[in-house]
Amino acid sequence: MNGAAIVWLILMVVFLAAEAATVGMVSLWFAAGSLAALLTALAHGPVWLQTLLFLVVSAGLLLALRPLAKKYLSPKLTATNVDSVVGSTGLVTAAIDNVSAAGQVKLGAMEWTARSTSGQPIPVGTRVKVDKIEGVKVYVSPSEVPANV
């Protein structure tokens, strides 16, 4: 095995390891280009041809097959019902105080543990808007003045 073939073999292994570590469907095509160059090196092809084949095969496969591989092989992100909670409005049923880690909000038929997005306390009876969700807590901000003030 000549020196160029060893270099292409090492590059192919590196690209395959990178693909295994990232599963981004990018390094795989460069590994295929390295294989084409390796085969050319083993057939005693000139270095310029090895390099040209590496570039053409890698770029060609990347441009032609990556979109298909992403479409059919990538995991699909599925929206959940929880995603629909962000932006909804609810009513504070237990005063929200981030310092004492207290607070509850009723959103539709569900009670959620709640925290104030701004960090300011929010009294019972306040209409609030959900800004984000972290775990099982909703972060809210007042959407109107409290009804009992």
Side-chain angles (χ1 to χ4, degrees), residues 1 4-42 50-149:
M1 192 180 279
I6 293 171
V7 168
W8 291 117
L9 181 62
I10 290 170
L11 281 173
M12 186 172 67
V13 169
V14 167
F15 287 130
L16 288 173
E19 183 63 36
T22 63
V23 294
M25 297 300 252
V26 174
S27 302
L28 180 65
W29 315 121
F30 292 104
S34 297
L35 177 62
L38 171 64
L39 295 174
T40 306
L42 290 174
Q50 296 169 33
T51 306
L52 180 66
L53 278 173
F54 169 75
L55 293 173
V56 169
V57 170
S58 297
L61 289 174
L62 182 66
L63 294 173
L65 297 179
R66 184 167 189 261
L68 292 173
K70 283 188 72 161
K71 181 177 180 180
Y72 294 108
L73 300 178
S74 295
K76 306 290 186 257
L77 296 177
T78 305
T80 63
N81 289 339
V82 172
D83 295 328
S84 65
V85 172
V86 176
S88 66
T89 58
L91 185 67
V92 176
T93 57
I96 299 172
D97 185 357
N98 291 7
V99 175
S100 62
Q104 283 196 320
V105 175
K106 186 165 185 159
L107 302 169
M110 298 283 299
E111 287 278 341
W112 286 78
T113 300
R115 298 294 177 264
S116 171
T117 303
S118 67
Q120 296 298 315
I122 303 174
V124 172
T126 304
R127 286 254 172 233
V128 291
K129 178 179 73 85
V130 178
D131 298 319
K132 66 180 180 176
I133 298 176
E134 285 185 8
V136 295
K137 292 185 191 94
V138 291
Y139 283 78
V140 297
S141 54
S143 62
E144 69 175 42
V145 178
N148 58 356
V149 172

*Asks:* How would you list, by chain and number, every residue that makes a ring pair (Phe, Tyr, Trp, His ring centres under 6.0 Å) with Tyr139, sequence neighbours excluded?
*Replies:*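 Testing Tyr139 for ring pair (Phe, Tyr, Trp, His ring centres under 6.0 Å), a comparison that skips the adjacent residues, returns none.
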*Asks:* Could you pull out all residues at least two apart from Leu61 that satisfy side-chain contact (heavy atoms from CB on, under 4.5 Å)?
*Replies:*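 side-chain contact (heavy atoms from CB on, under 4.5 Å) check on Leu61 returns Trp29, Ala32, Val57, Leu65.
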*Asks:* Please step through side-chain contact (heavy atoms from CB on, under 4.5 Å) for the pair Arg127 and Leu91, ending with a clear verdict.
*Replies:* CA-CA 5 Å; Arg127 286 254 172 233; Leu91 185 67; 4.0 Å; yes
*Asks:* Of all heavy-atom pairs between Ser27 and Phe15, which one has the smallest distance, and what is that distance?
*Replies:*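 Shortest heavy-atom contact: CB-O, 3.2 Å.
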*Asks:* How would you list, by chain and number, every residue that makes a side-chain contact (heavy atoms from CB on, under 4.5 Å) with Ala37, sequence neighbours excluded?
*Replies:*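 With neighbours one apart ignored, the set is Trp8, Gln50, Phe54.
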*Asks:* Of the non-hydrogen atoms in Ile122 and Ser141, which two are nearest, and what is the gap between them?
*Replies:*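 Scanning both residues completely, I find the closest heavy atoms to be CD1-CA, 4.5 Å.
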*Asks:* Please list, chain by chain and in numerical order, all residues satisfying side-chain contact (heavy atoms from CB on, under 4.5 Å) with Leu42, sequence neighbours excluded.
*Replies:*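 Testing Leu42 for side-chain contact (heavy atoms from CB on, under 4.5 Å), a comparison that skips the adjacent residues, returns Met1, Ala5, Leu38.
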*Asks:* Provide the closest heavy-atom pair for Ala36 versus Leu53 in the form atom of the first, atom of the second, distance.
*Replies:*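 The answer is O-CD1, 4.4 Å.
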*Asks:* Looking at CZ of Phe30 and CG of Leu35, how far apart are the two atoms once the value is rounded to the nearest 0.5 Å?
*Replies:*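 Phe30 CZ to Leu35 CG: 15.0 Å, rounded to 0.5 Å.
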*Asks:* What's the shortest heavy-atom distance between Val124 and Ala95, and which atoms?
*Replies:*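 Closest approach of Val124 to Ala95: CG2-N, 3.4 Å.
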*Asks:* What's the separation between atom NZ in Lys129 and atom OG in Ser143, rounded to the nearest 0.5 Å?
*Replies:*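 Between atom NZ of Lys129 and atom OG of Ser143 there are 8.5 Å.
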*Asks:* Measure from the side-chain N and O atoms of Thr117 to the backbone N and O of Val140, and report whether any donor-acceptor pair falls under 3.5 Å.
*Replies:*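 Between the backbone of Val140 and the side chain of Thr117 there is a qualifying donor-acceptor contact (under 3.5 Å).
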*Asks:* Could you tell me if the side chain of Trp112 sits less than 4.5 Å from the side chain of Val85, heavy atoms only?
*Replies:*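 They are in contact (side-chain heavy atoms under 4.5 Å apart), so the answer is yes.
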*Asks:* Can you sort out the partners of Gln120 under side chain to side chain donor-acceptor pair (under 3.5 Å), two or more places apart, ordered by chain and number?
*Replies:*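 So Gln120 forms no side chain to side chain donor-acceptor pair (under 3.5 Å) with any residue.
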*Asks:* Strictly distance-based, threshold 3.5 Å: is any side-chain N or O of Asn98 a donor or acceptor partner for the main-chain N or O of Ser116?
*Replies:*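 It does hold such a pair.
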*Asks:* Donor-acceptor pairs are to be reported for all side-chain atoms of residues 100-107 against protein atoms at under 3.5 Å, with residues two or more places apart or in another chain.
*Replies:*
unit_1 : atom_1 : unit_2 : atom_2 : d
Ser100 : OG     : Asp97  : OD2    : 3.4

*Asks:* Determine the sole option in Leu9, Leu11, Ile10 for which the side chain to side chain contact (heavy atoms under 4.5 Å, CB included) test with Val7 is passed.
*Replies:*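 Among Leu9, Leu11, Ile10, the one that satisfies the side chain to side chain contact (heavy atoms under 4.5 Å, CB included) with Val7 is Leu11.
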